[in-house]
Peer 1: 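Here it is, the structure, as structure tokens.
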Amino acid sequence: KAGVTQTPRYLIKTRGQQVTLSCSPISGHRSVSWYQQTPGQGLQFLFEYFSETQRNKGNFPGRFSGRQFSNSRSEMNVSTLELGDSALYLCASSPGQGNQPQHFGDGTRLSIL
Amino acid sequence: AQKVTQAQTEISVVEKEDVTLDCVYETRDTTYYLFWYKQPPSGELVFLIRRNSFDEQNEISGRYSWNFQKSTSSFNFTITASQVVDSAVYFCALSEAGVTGGGNKLTFGTGTQLKVEL
């Protein structure tokens, strides 16, 4: 069974640009969550999508947004990039019911110059 | 608000030693879930275990064991006879059942870097 797939693995952008990250969940999983990992703030929850609807949201500015498609694939978008957005962005999927183990992808490492 | 504390930033042991990673949590919910994840250098978070707040039984899985104590709000993780392959960052996480919509929102601790040397 294929795991969670995130693309691209690495990305370099400059301040002010926008970026879109992609996540394909494990087949049959309907919940997709996104996390940001930085050395200073650690792992922080961004948002969760279930059945194409945002079900939970963390404390991030509106520049961070996401969506989920009917096949459960998800994208995350960050607009007007700032230096502090440099991080490893991790996507996780789970079957759907709350509080089940989430399975993570390898992440997308975003560097802002 | 929920919080997870992993006071040990880094632990170094020699192979075959036993090591315990501490995790203390805070929550107002009576129903919650606790998790441990392992993050090797490759970056992917690997799920190790989930426990719910009503199940205080300790669990053993091979060289891994977990000690859940509600009285002290702790969920500690012990690796017996550690191996070099155990070297990784280990995260403890909390999910509250009262999360809006019954969804998934993990609050992570800051992680413990475990280094196992020969």
Side-chain angles (χ1 to χ4, degrees), chain A residues 2-6 8-10 23 25-26 29-60 66 68 74 87-110, chain B residues 1-10 23 25 27 29-55 59 61 66 75 88-113:
Chain A
V4 177
T5 303
Q6 290 188 247
R9 288 296 310 277
Y10 302 93
C23 173
I26 291 173
H29 284 191
R30 298 169 61 195
S31 166
V32 174
S33 298
W34 288 90
Y35 294 83
Q36 181 197 64
Q37 185 175 24
T38 61
Q41 299 299 316
L43 275 158
Q44 293 186 289
F45 172 79
L46 280 155
F47 31 64
E48 179 207 6
Y49 285 88
F50 176 74
S51 292
E52 302 178 63
T53 301
Q54 188 179 86
R55 185 160 66 173
N56 282 295
K57 188 177 186 304
N59 298 320
F60 278 81
Q68 186 180 35
S74 176
L88 179 66
Y89 290 88
L90 292 162
C91 168
S93 75
S94 68
Q97 300 91 334
N99 302 298
Q100 291 200 327
Q102 295 180 47
H103 300 272
F104 286 78
D106 290 337
T108 293
R109 186 164 296 281
L110 175 63
Chain B
Q2 65 271 34
K3 184 179 178 181
V4 177
T5 301
Q6 294 179 257
Q8 304 152 307
T9 304
E10 184 173 319
C23 173
Y25 62 91
T27 178
D29 268 21
T30 55
T31 304
Y32 51 89
Y33 296 81
L34 295 164
F35 302 80
W36 275 95
Y37 283 87
K38 172 182 179 180
Q39 187 176 41
S42 59
E44 177 186 356
L45 280 163
V46 178
F47 165 74
L48 295 176
I49 190 172
R50 180 190 75 156
R51 302 307 298 271
N52 71 54
S53 52
F54 298 107
D55 184 2
E59 182 159 339
S61 176
W66 290 269
F75 186 41
V89 181
Y90 290 85
F91 290 95
C92 180
L94 167 71
S95 178
E96 295 175 329
V99 167
T100 302
N104 297 297
K105 178 181 178 181
L106 288 173
T107 297
F108 284 91
T110 50
T112 297
Q113 170 81 60

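Every chain is numbered from 1 and lettered A, B, ... according to where its sequence line falls, protein lines coming before strand lines. It should be emphasised that the depicted structure is a prediction, and the values quoted were computed from it without experimental measurement.
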Peer 1: Please report the closest heavy-atom contact between A/Gln100 and B/Arg50, naming both atoms and the distance.
Peer 2: CA-NH1, 3.7 Å

Peer 1: CZ of B/Phe108 to CD of A/Gln37: how many Å apart, nearest 0.5 Å?
Peer 2: 8.5 Å

Peer 1: Provide the closest heavy-atom pair for B/Asn104 versus A/Ser94 in the form atom of the first, atom of the second, distance.
Peer 2: ND2-OG, 3.0 Å

Peer 1: Output the option from B/Thr110, B/Leu106, B/Thr107 having the highest count of non-hydrogen pairs under 4.5 Å with chain A.
Peer 2: B/Leu106

Peer 1: Let me confirm one number: the CZ-NZ distance from A/Arg55 to B/Lys105, rounded to the nearest 0.5 Å.
Peer 2: 13.5 Å

Peer 1: Side chain, backbone, both or neither: which part of A/Leu43 has a heavy atom under 4.5 Å from chain B?
Peer 2: both

Peer 1: Checking heavy atoms, do the side chain of A/Tyr35, its backbone, both or neither come under 4.5 Å from chain B?
Peer 2: side chain

Peer 1: So how far is it from B/Leu45 CG to A/His103 NE2, rounded to the nearest 0.5 Å?
Peer 2: 12.0 Å

Peer 1: Counting only non-hydrogen atoms closer than 4.5 Å, does B/Ser42 touch chain A with its backbone (N, CA, C, O), its side chain (CB onward), both, or neither?
Peer 2: backbone

Peer 1: Atom OH of residue position A/Tyr10 - does it have more than 12 heavy atoms of other residues, nucleotides or ligands inside 6.0 Å?
Peer 2: no

Peer 1: Counting heavy-atom pairs closer than 4.5 Å to chain B, which one of A/Gly105, A/Ser31, A/Pro101 comes out on top?
Peer 2: A/Pro101

Peer 1: Check B/Phe47, B/Tyr37, B/Phe91 against A/Phe104 for a ring-ring contact (aromatic ring centres under 6.0 Å, His included) and give me the one that passes.
Peer 2: B/Tyr37

